[in-house]
Amino acid sequence: MTYNVAILGASGYTGAELVRIIATHPSLRVAALSADRKAGMEMSDVYPHLRHLDLPQLCTIEEIDFEQIDLAFAALPHGLSQALVRDLPKTVKVVDLGADFRLRDPKKYEFWYGAEHVAPELQKEAVYGLTEFYRDDIKNARLVAGTGCNAATVQFALRPLIAGGLIDLDDIICDLKNGLSGAGRSVKENMLFTERATNVEGYAQGGKHRHLGEFDQEFSAIAGRPVEIMFTPHLVPASRGILASCYVKGDAAAIHAALEAQYKDEPFIVVLPFGKAPGMGHVAGSNFCHIGVVGDRKTGRALVVSTLDNLNKGSSGQAVQNANLMLGLPETEGLMLSPVFP
Ligand SMILES: NC(=O)C1=CN([C@@H]2O[C@H](COP(=O)(O)OP(=O)(O)OC[C@H]3O[C@@H](n4cnc5c(N)ncnc54)[C@H](OP(=O)(O)O)[C@@H]3O)[C@@H](O)[C@H]2O)C=CC1
Ligand SMILES: CC(=O)N[C@@H](CCC(=O)OP(=O)(O)O)C(=O)O
């Protein structure tokens, strides 16, 4: 059976990555592609690397006949999918790649995103999209909230350690290197080649990054008490990828053993041999996440390094993995492509 999917925000980076992934997916068919300023254009003019595909023209969301759509991917800026999902026919399943449904508490949403939620009833219904930890709920969900890409990278490293009581919960420091596509395709002054090509710079330091809301929610629920990590992302001169270096207090060998046990049957999470750390370039263009654990000469601390492609496992690959579960398809279908290297 083939399912018709709509990609809303197809002219953005995650939308284009969805198209690239779905192009070789045996059970999904791209039935509609939406854009805002680029509505009316051909996808091949917006993204020449997709020119070989036979794709529908970019249209506005209002022009899509959702009665013909089985599942919609919403790859839109924050805040837009709340009213949209509320007003869609209930027969349409939705995977939202943005932040609108990630936080269950409307007050927390308002705090981190600076606006009141217009569909709080859907916040309760939505299932958090970190597939490896929510797959049973995702199978039965109508609405799945894709995670933040930084949030996914760090959670793959830390969730098993928090659940296992293996680290000091009051001393977790996560330092991230981020590729620039995480900021989306719209033009921004601080994303100019001249300012990024030879520069490394932190952003949202000092507890200001919105993914802290996701970390607080998820880590505190696992620990059964408040957990607040320190988290600093840095822009690096790379198009894709996130590499998270997580400094934790705990026994490095025990931490490695816990990660190996957690992920031994997971097709997309690769735990490296003890003492080896992964590189951001080893997962590009793929739905894989690589994790490594390194001890330190100073006893009591371990370094856990986690890396994934923000446009793939961090958003669009994760979204297809979740869509597979929602549609009753094999979870890995269309996603086993190896990374691009170098
Ligand atoms: N980039 C990343 O690494 C990740 C992104 N996400 C989330 O995914 C979502 C999409 O991100 P990304 O692809 O980077 O964003 P982009 O800025 O690259 O793309 C945004 C898309 O939304 C469309 N759009 C913008 N405004 C409107 C509007 N008012 N009405 C309808 N459509 C509109 C744009 O159309 P047009 O081009 O015509 O203006 C474009 O197709 C965001 O919520 C983001 O936070 C999540 C994880 C990772
Ligand atoms: C480089 C860069 O700006 N990256 C974005 C990551 C995008 C993402 O996952 O986040 P949302 O879906 O929550 O916007 C950031 O750190 O905010």
Side-chain angles (χ1 to χ4, degrees), residues 6-20 32-43 45-47 57-64 72-85 95-103 109 112-113 128-130 144-155 174 176-188 190-191 196 199-205 208-215 231-244 280 284 308-319 322:
I7 300 172
L8 314 180
S11 54
Y13 280 152
T14 57
E17 187 73 350
L18 278 164
V19 172
R20 190 178 74 85
L33 298 173
S34 92
D36 182 31
R37 294 165 303 164
K38 300 196 176 93
M41 290 178 70
E42 295 298 335
M43 194 65 174
D45 290 330
V46 178
Y47 286 111
Q57 196 178 62
L58 292 162
C59 65
T60 63
I61 295 174
E62 293 71 28
E63 288 174 299
I64 297 174
F73 295 98
L76 301 166
H78 298 317
L80 291 184
S81 45
Q82 297 166 29
L84 176 89
V85 177
V95 180
D96 185 25
L97 281 73
D100 286 18
F101 301 105
R102 292 175 192 159
L103 301 179
Y109 176 84
W112 288 106
Y113 290 92
Y128 190 61
L130 198 68
V144 168
T147 70
C149 47
N150 301 303
T153 317
V154 170
Q155 285 186 70
C174 300
L176 277 72
K177 319 290 184 292
N178 298 53
L180 306 178
S181 58
R185 203 189 195 193
S186 62
V187 178
K188 299 169 193 78
N190 71 336
M191 290 293 150
R196 294 271 72 91
N199 195 4
V200 174
E201 194 173 1
Y203 63 101
Q205 293 118 317
K208 293 194 189 65
H209 198 288
R210 297 177 297 194
H211 291 185
L212 286 167
E214 282 177 67
F215 292 132
F231 161 75
T232 311
H234 298 83
L235 296 171
V236 296
S239 292
R240 301 172 174 242
I242 297 179
L243 184 131
M280 199 158 97
L308 53 71
D309 181 336
N310 56 298
L311 292 182
N312 208 302
K313 183 61 171 159
S315 54
S316 304
Q318 178 199 83
N322 289 334

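Just so you know, these numbers use all the heavy atoms, side chains as well, and skip hydrogens, waters and symmetry mates. When a ligand or atom number is given, it counts from 1 through the structure's own listing order.
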- Item | For Gln57, side chain to side chain contact (heavy atoms under 4.5 Å, CB included) partners two or more places apart | Glu42
- Message: Could you work out, with side chain to side chain contact (heavy atoms under 4.5 Å, CB included) as the rule, every residue matching Leu84, not counting sequence neighbours?
- Response: Leu8, Ile61, Leu76
- Message: Applying side-chain hydrogen bond (donor to acceptor under 3.5 Å, both in side chains) to Gln318 and Thr147, what does each step give before you reach the verdict?
- Response: CA-CA 9 Å; Gln318 178 199 83; Thr147 70; 2.9 Å; yes
- Query: How far apart are the C-alpha atoms of Asn310 and Asn178, what are their side-chain angles, what is the distance that settles it, and do they pass the side-chain hydrogen bond (donor to acceptor under 3.5 Å, both in side chains) test?
  - Reply: CA-CA 8 Å; Asn310 56 298; Asn178 298 53; over 6 Å; no
- Test: Arg185 cationic atom under 6.0 Å from Tyr47 six-membered ring centre, within 45° of axis: yes
- Item | Expected output: side-chain Glu63 to main-chain Thr60 donor-acceptor under 3.5 Å | yes
- Return the protein residues near ligand 2 (heavy atom under 4.0 Å from any of its atoms), ordered by chain and residue number. His78, Arg102, Gly148, Cys149, Asn150, Gly179, Gly182, Ala183, Tyr203, His209, His211, Leu235
- Message: Under a plain distance cut-off of 3.5 Å, with no hydrogens placed, do Ser315 and Glu17 share a side-chain donor-acceptor pair?
- Response: no
If you look at each N/O of ligand 1, which protein N/O atoms lie under 3.5 Å away, and at what distance?
residue: ligand 1; atom: 1 (N); partner: Ser181; partner atom: O; Å: 3.1
residue: ligand 1; atom: 3 (O); partner: Asn310; partner atom: ND2; Å: 2.8
residue: ligand 1; atom: 13 (O); partner: Tyr13; partner atom: N; Å: 3.3
residue: ligand 1; atom: 13 (O); partner: Thr14; partner atom: N; Å: 2.9
residue: ligand 1; atom: 13 (O); partner: Thr14; partner atom: OG1; Å: 2.7
residue: ligand 1; atom: 18 (O); partner: Tyr13; partner atom: N; Å: 3.0
residue: ligand 1; atom: 18 (O); partner: Arg185; partner atom: N; Å: 2.8
residue: ligand 1; atom: 35 (O); partner: Ser11; partner atom: OG; Å: 3.2
residue: ligand 1; atom: 35 (O); partner: Asp36; partner atom: N; Å: 3.2
residue: ligand 1; atom: 37 (O); partner: Ser11; partner atom: OG; Å: 2.7
residue: ligand 1; atom: 38 (O); partner: Ser11; partner atom: OG; Å: 3.4
residue: ligand 1; atom: 38 (O); partner: Asp36; partner atom: N; Å: 2.8
residue: ligand 1; atom: 38 (O); partner: Arg37; partner atom: N; Å: 2.8
residue: ligand 1; atom: 38 (O); partner: Lys38; partner atom: N; Å: 2.8
residue: ligand 1; atom: 39 (O); partner: Arg37; partner atom: NE; Å: 2.9
residue: ligand 1; atom: 39 (O); partner: Arg37; partner atom: NH2; Å: 3.1
residue: ligand 1; atom: 41 (O); partner: Gly9; partner atom: O; Å: 3.3
residue: ligand 1; atom: 41 (O); partner: Ser11; partner atom: N; Å: 3.3
residue: ligand 1; atom: 41 (O); partner: Ser11; partner atom: OG; Å: 2.7
residue: ligand 1; atom: 41 (O); partner: Gly12; partner atom: N; Å: 3.1
residue: ligand 1; atom: 43 (O); partner: Leu76; partner atom: O; Å: 2.6
residue: ligand 1; atom: 45 (O); partner: His78; partner atom: NE2; Å: 3.4

- Task: If the plane angle is over 60° it's perpendicular, under 30° parallel, otherwise tilted; pick one for Tyr109 and Tyr113.
- Result: parallel
- About how many Å separate OG of Ser181 and CG of Asp309, when rounded to the nearest 0.5 Å? 7.0 Å
